[in-house]
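All ligand and atom numbering here is 1-based and tracks the order in the structure.
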Amino acid sequence: MNKILVTGGAGFIGSNFIHYLLERYDNCHITNVDLLTYAGNLDNLINISNDPRYQFIKADIVDFNVISNLISQGFDAIINFAAESHVDRSIEAPGIFVRTNVLGTQSLLEAARRYGVKKFVQVSTDEVYGSLGQEGYFTEAASLNPSSPYSASKTAADHLVLAYGHTFGLPVNVTRCSNNYGPYQFPEKLIPLMITNTLADKPLPVYGDGMNVRDWLHVNDHCCAIDIVMRKAKPGEIYNIGGNNERTNIDIVKTILRQLNKPESLIKFVQDRPGHDRRYAIDSSKIKQDLGWEPVYTFDCGMAETIEWYYTNVDWWKKIKSGEYMNYYNRMYGKDLGEPPVALLEVFE
Ligand code: NAD
Ligand code: TYD
């Protein structure tokens with residue numbers, strides 16, 4: 001697995017994965033294809049942009065001609081991270097999620113099958129299983145029951161990937177991971193949003209009662225699992241990748257406030273997300289048993305390191321939290337947080 005095509009490599013997990021591979025393998029060659037949507041950020045890769053083992057191509061995975069031309073050059077593996085990834089945005093505008101996540105995946109699969117790619121890894125999510133009550137865990141055998149346009153589009157993509165494996169013999173794997181946190185995560189997601197708002201002494205918008213539960217995994221642990229799946233997994237296998245680390249949202253927010261020594265009065269309960277999934281939890285024993293992977297980060301260490309990263313890399317997120325991001329922020333939170341857009345903008349100048 002030397003010649004690797006990473007899609008969506010300018011996003012959060014994709015860029016961490018590229019760093020991960022380059023740090024570990026001298027003889028790998030990585031091509032990063034990314035459309036550079038609002039979530040794609042080449043600053044994430046600035047320190048490796050001149051590495052001879054790395055090249056960047058700006059392209060849309062939905063554009064079959066471009067993708068197929070590229071894949072015809074021959075790749076050992078394709079790791080598909082490219083996606084619209086934020087549930088709240090999928091509630092605002094579902095269409096783009098179907099376009100990128102479903103049609104984009106199919107375009108990659110079709111090109112991969114035509115040009116004999118040796119491994120196709122679809123980076124999916126635990127959200128395809130849907131919401132759980134207080135008890136239990138989803139295994140890979142659970143039926144899929146997505147509830148947001150985001151998770152529905154990821155579910156459709158999972159089915160297509162498995163169908164290409166089954167019908168055409170394409171060597172595919174699907175990984176379904178729980179919520180990631182770590183460096184370079186776009187500050188629309190819970191953890192980076194709460195850290196950066198706390199650093200700016202701004203209100204922390206918690207949806208509903210704050211008691212929704214997510215399982216959290218450090219992004220480096222996720223990258224390690226994907227690398228192992230790419231190299232060792234049998235074609236056709238699906239793997240859950242979890243952190244055994246369930247937390248309520250309010251607990252996460254309070255942890256951040258404590259570590260940054262800021263008052264809980266910053267917490268602001270706001271209107272709940274429509275169709276908000278109550279709890280995600282997966283059983284990851286299969287990947288441990290088959291491939292020997294387990295997470296190495298404890299949540300306390302991972303969070304401390306992550307908070308430190310956002311504290312030291314203020315320029316990275318200040319640049320994002322301007323312009324177009326603020327339009328989104330005001331649409332999402334302006335009414336609930338009761339602050340005029342101008343005041344919100346000033347924080348990040
Ligand atoms: P992200 O939003 O940070 O990055 C997505 C990247 O895809 C961006 O760089 C964007 O520019 C690119 N992209 C979007 N549309 C494209 C297109 N049409 N063509 C080419 N590139 C395009 O997302 P992320 O958090 O890094 O997630 C990566 C993958 O992992 C996604 O498939 C997501 O469903 C999955 N996942 C994420 C999490 C999480 O907690 N973040 C958990 C489980 C699974
Ligand atoms: P998010 O990071 O959007 O991931 P996902 O919805 O894919 O799990 O949200 C994580 C949890 O945090 C989810 O229960 C929604 C909640 N949340 C808030 O309470 N406030 C916010 O501003 C955001 C972005 C999320």
Students should be able to answer this: which protein heavy-atom is nearest to [atom], and at what distance?
atom                    : value
atom 22 (O) of ligand 2 : Y333 OH, 2.6 Å
atom 8 (O) of ligand 2  : R214 NE, 2.7 Å
atom 7 (O) of ligand 2  : E127 OE2, 2.6 Å
atom 24 (C) of ligand 2 : E188 O, 3.2 Å
atom 10 (C) of ligand 2 : L190 CB, 3.8 Å
atom 13 (C) of ligand 2 : H276 NE2, 3.4 Å
atom 4 (O) of ligand 2  : N179 ND2, 3.4 Å

Nearest to [atom] by heavy atom, [options]: which?
atom                    : options               : result
atom 2 (O) of ligand 1  : S124, G8, S85         : S85
atom 11 (C) of ligand 2 : N249, V87, I252, V270 : N249
atom 3 (O) of ligand 2  : R273, R89, K268, Q185 : R273
atom 18 (N) of ligand 1 : D60, L190, L36        : D60

Under 4.0 Å from ligand 1, counting heavy atoms only, is it the side chain of D126, its backbone, both or neither?
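Neither part.
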
Examine the proximity of ligand 1 to T100 and report which part, side chain or backbone, both or neither, has a heavy atom under 4.0 Å away.
side chain

Would you tell me whether [X] and [Y] have side-chain atoms, one donor and one acceptor, within less than 3.5 Å of each other?
X    : Y    : answer
D221 : W293 : no
R247 : N245 : yes
K321 : N197 : yes
Y54  : N32  : yes
Y328 : H86  : yes
D227 : Y25  : yes

Answer yes or no: is there an ion pair linking R231 with D76, defined by an N-O contact shorter than 4.0 Å?
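No.
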
Would you call K268 and D336 a salt bridge, taking side-chain N to carboxylate O under 4.0 Å as the test?
no

Quick check: Y207 and ligand 2, any N/O pair under 3.5 Å apart?
yes

Based purely on interatomic distance, does P205 place a nitrogen or oxygen under 3.5 Å from a nitrogen or oxygen of ligand 2?
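N/O-N/O distance under 3.5 Å: yes.
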
Angle class for the H218/Y181 ring planes (parallel below 30°, perpendicular above 60°, tilted otherwise)?
perpendicular

If the plane angle is over 60° it's perpendicular, under 30° parallel, otherwise tilted; pick one for W316 and W309.
perpendicular

Flag [X] as yes when one of its N or O atoms lies below 3.5 Å from any N or O atom of ligand 1, and as no otherwise.
X    : value
N80  : no
A82  : no
K154 : yes
N41  : no

Between Y150 and E84, does the side-chain hydrogen bond (donor to acceptor under 3.5 Å, both in side chains) criterion hold? Intermediate values first, please.
CA-CA 8 Å; Y150 162 67; E84 288 295 329; over 6 Å; no

Atom indices of ligand 1, in the order listed, that fall short of 4.0 Å to a heavy atom of S178:
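Those atoms are 42 (C), 43 (C).
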
Below 4.0 angstrom from a heavy atom of N179, which ligand 1 atoms are there? Numbered from 1 as shown, please.
40 (O)

So, does Y150 sit close enough to ligand 1 that a heavy atom of it is under 4.0 Å from the ligand?
yes

